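Structure record follows, encoded as structure tokens.
Letters A, B, ... mirror the listed sequences (proteins, then strands); counts begin at 1. All figures in this text were calculated on a predicted structure; none of them were measured in a lab.
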Amino acid sequence: MLDIKFIRENPELVRQGIKNKNETDKLDDLLKLDEQRRELILKTDELKHKRNQVSSQIPQMKKAGQDVSSVLAEMKSVSDQISDLDSQLREIEQKLENILMFIPNMPHKSVPVGKNSGDNTVVREWLPEGFSFPKETSNEKTLDHIELGKKLKILDFERGAKISGSGFPLYTGKGATLERALINFMLDFHLKNHGYSEVFPPFLVNSDSMRGTGQLPKMAEDMYYIEKDELYPIPTAEVPITNIYRNEIINENELPIKHVGYSACFRREAGSYGKESKGFLRVHQFNKVEMVKLVKPENSYDELEKLVKDAEDILQALKIPYRILLLCTGDLSFAAAKCYDIETWSPAENRWLESSSCSNFENFQARRANIRFKNGLTKKPEFVHTLNGSGLATSRLMVSLLEMYQTPEGKVIVPEVLQNYTNFNVID
RNA sequence: GGAGAGAUGCUAGAGUGGUUGAAUAGGCUGGUCUCGAAAACCAGUGUGGCACUAGUUGUCACCGAGGGUUCGAAUCCCUCUCUCUCCGCCA
């Protein structure tokens, strides 16, 4: 959420930001409501002041034996006016918030303006030693992850669909072990090498949490929802982990807070069918290790760079080719100010797959979730900056991993760093 | 799921209709004392909105959340949430 004061003082800046993010502009309505709101507050505060003053005099008047009935009658009408104005105010504030909650975060000035994913820029690329992209003329048979999964009996998409529906993958045998190994490896790696502290969050959250990180109200259609208990299965561990600190004031010396946690992630992916949705490429449930940071505002962009590197380290340890993309304004998500995507290479698809997304939300989420720290200098509470990044999502990563590590015979070698976790070195 | 108890500031804990933003104690910060420290003593110690003459300013709101009664609510009423205890059930 943006600060209404900031919008009031910089309407044209905000208008441009909304436009660059391809969002709808309702600023005029918003500013009009803001003005109405302030007028009403002025009126009610004045009346309340009067009421407070007179009310405090009534006991003394009574004690002095004065007749207070006319004063009471007058105050009754003042109170009626107040409650009338208050209900008008409530209505306006509701409308105002409804618009405010749909205004996206402003892109950072270092984010290139662009229409869509075509305008994203490649920041860097990393290839393991000895790796080269296949030639167009190559007729070497590269199995894709679905074929490998079937052949090696490690992935069963059909029976996953039988159990739950399409998009709910079933891992079997060494596939299940490999998935678990990957999760444990990534968690341990971040804990040992990157100074995160571990959390294991709830997978169902309430609507306040969803609003806090910005999934609600805008993305309601993308969420699962359990009506009976008014709970949402999380689309990412970002939601519960960031909301750990909702409505709290953190001690300055506790910052930066860096958490890493595993969760299953649930996404409805409404309206996405076809080629993109085969196998692991788009699923309703997947596993992800998520990194979340709460930092002081002045550090947040340094912390974003470090966050990306933390995710990269995993891919380098796994020796999987990847590249880093800086998203343009048009591809930036609603709540993000700046975002890098990490894409891993899929030899069978012959293209890059998005495996991680690392974002700085500045104080957009912190304002919604009311997460603050006490500034030691000013002694005043200030909103923290929040960041998060996948480190990483296993589904897309598993595609790259299986395909990259396959042998000409169609076996899969287990990456060296995972062998201690799997206790086998090859899947055949 | 059933029965009961509770929710007040950083913490503990008073307060059941009228200067109560809130007693008291602890904590924390600053000061006095001291070679230094402890003890003791003194002082300070919330958040948010709105306005303007922009201040050591005025004002409003906030005692789990949201409504209501009243001239006036931390205090009375209703709804919800959470916590605790006992019973039942269960991994």
Please tabulate, one pair per line, all N/O donor-acceptor pairs under 3.5 Å involving side-chain atoms of residues 75-85 of chain A, not counting sequence neighbours.
unit_1  : atom_1 : unit_2  : atom_2 : d
A:Ser77 : OG     : A:Glu74 : O      : 3.2
A:Ser79 : OG     : A:Arg51 : NH1    : 3.3
A:Ser83 : OG     : A:Asp80 : O      : 3.1

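- Rounded to whole Å, the separation between the P atoms of B:rA23 and B:rA74 comes to 15 Å.
- Shown here are the side-chain hydrogen bond (donor to acceptor under 3.5 Å, both in side chains) partners of A:Glu290, two or more places apart in sequence or in another chain: A:Lys288.
- Comparing B:rC63 with B:rU75, their P atoms sit 8 Å apart, to the nearest whole Å.
- Counting any heavy atom pair closer than 4.0 Å across all strands shown, A:Arg8 reaches sugar-phosphate atoms only and no base atom.
- Comparing B:rC41 with B:rC33, their C1' atoms are spaced 9 Å from each other, to the whole Å.
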Please list every donor-acceptor pair under 3.5 Å in which a side-chain atom of residues 35-47 of chain A meets a protein atom from a residue at least two apart or in another chain.
unit_1  : atom_1 : unit_2  : atom_2 : d
A:Arg37 : NE     : A:Glu93 : OE2    : 2.9
A:Thr44 : OG1    : A:Leu40 : O      : 3.1
A:Thr44 : OG1    : A:Ile41 : O      : 3.1

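- Relative to the six-membered ring of A:Phe102, A:Lys218 misses at least one condition, a distance below 6.0 Å or an angle of at most 45° to the axis.
- The aromatic rings of A:Tyr262 and A:Phe203 stand perpendicular to each other, their planes meeting at an angle above 60°, with 30° marking the opposite boundary.
- Counting heavy atoms of neighbouring residues, nucleotides and ligands inside a 6.0 Å radius, atom CD of A:Glu230 does not exceed 12 of them.
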Side chains of residues 417-428 of chain A: which donor-acceptor partners sit under 3.5 Å, not counting sequence neighbours?
unit_1   : atom_1 : unit_2   : atom_2 : d
A:Gln419 : NE2    : A:Val414 : O      : 2.8
A:Tyr421 : OH     : A:Asp188 : OD2    : 2.7
A:Thr422 : OG1    : A:Leu418 : O      : 3.3
A:Thr422 : OG1    : A:Gln419 : O      : 3.4
A:Thr422 : OG1    : A:Phe424 : N      : 3.3
A:Thr422 : OG1    : A:Phe424 : O      : 2.7

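- Exactly one of A:Glu303, A:Glu305, A:Glu238 qualifies for a salt bridge (charged side-chain N to carboxylate O under 4.0 Å, His left out) with A:Lys293. That residue is A:Glu303.
- Comparing B:rC71 with B:rG66, their P atoms sit 24 Å apart, to the nearest whole Å.
- When each of A:Ile249 and A:Ile58 is assigned the nucleotide of RNA chain B with its nearest heavy atom, A:Ile249 is the one assigned upstream, toward the 5' end.
- Here A:Lys115 pairs with A:Asp119 under the side-chain contact (heavy atoms from CB on, under 4.5 Å) rule; sequence neighbours left out.
- Distance check on atom C1': B:rC90 versus B:rG17 gives 48 Å, rounded to whole Å.
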Dot-bracket, RNA chain B: Watson-Crick or G-U, under 3.5 angstrom, [ ] crossing, | other strand? ((((((((.[[[..)..(.....]]]((((((.......))))))(((((((..).)))))).[[[[[..)....]]]]])))))))....
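- Between A:Tyr224 and A:Phe168, the ring planes lie tilted relative to each other; the angle falls in the 30° to 60° range.
- In this structure, A:Tyr340 has no ring-ring contact (aromatic ring centres under 6.0 Å, His included) partners at least two apart in sequence or on a different chain.
- Across the interface with RNA chain B, nearest-nucleotide mapping of A:Pro59 and A:Lys374 shows A:Pro59 to be the residue nearer the 5′ end.
- For the C1' atoms, the distance linking B:rC76 with B:rU70 amounts to 10 Å, nearest Å.
- Of the residues in residues 32-57 of chain A, those lying under 4.0 Å from RNA chain B by heavy-atom distance are A:Arg37, A:Arg38, A:Ile41, A:Leu42, A:Asp45, A:Lys48, A:His49, A:Arg51, A:Asn52, A:Ser55.
- Bracketed by its first and final contacts, the part of RNA chain B lying under 4.0 Å from non-hydrogen atoms of chain A reaches from B:rG18 to B:rG72 in 5' to 3' order.
- Rounded to a whole angstrom, the distance from the P atom of B:rA25 to that of B:rA40 is 13 Å.
- Near RNA chain B, defined here as any heavy-atom distance below 4.0 Å, the residues from residues 75-87 of chain A are A:Met75, A:Lys76, A:Ser79, listed numerically.
- A gap of 7 Å separates the C1' atoms of B:rA65 and B:rU81, to the nearest Å.
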Is there a side-chain hydrogen bond (donor to acceptor under 3.5 Å, both in side chains) between A:Asn370 and A:Arg372? Walk through the geometry before answering. CA-CA 6 Å; A:Asn370 192 26; A:Arg372 295 173 293 173; 3.2 Å; yes
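- Scanning for ring-ring contact (aromatic ring centres under 6.0 Å, His included) contacts around A:Tyr405 gives an empty result, with sequence neighbours left out.
- For A:Tyr171, the ring-ring contact (aromatic ring centres under 6.0 Å, His included) partners two or more places apart in sequence, or in a different chain, are A:Phe280.
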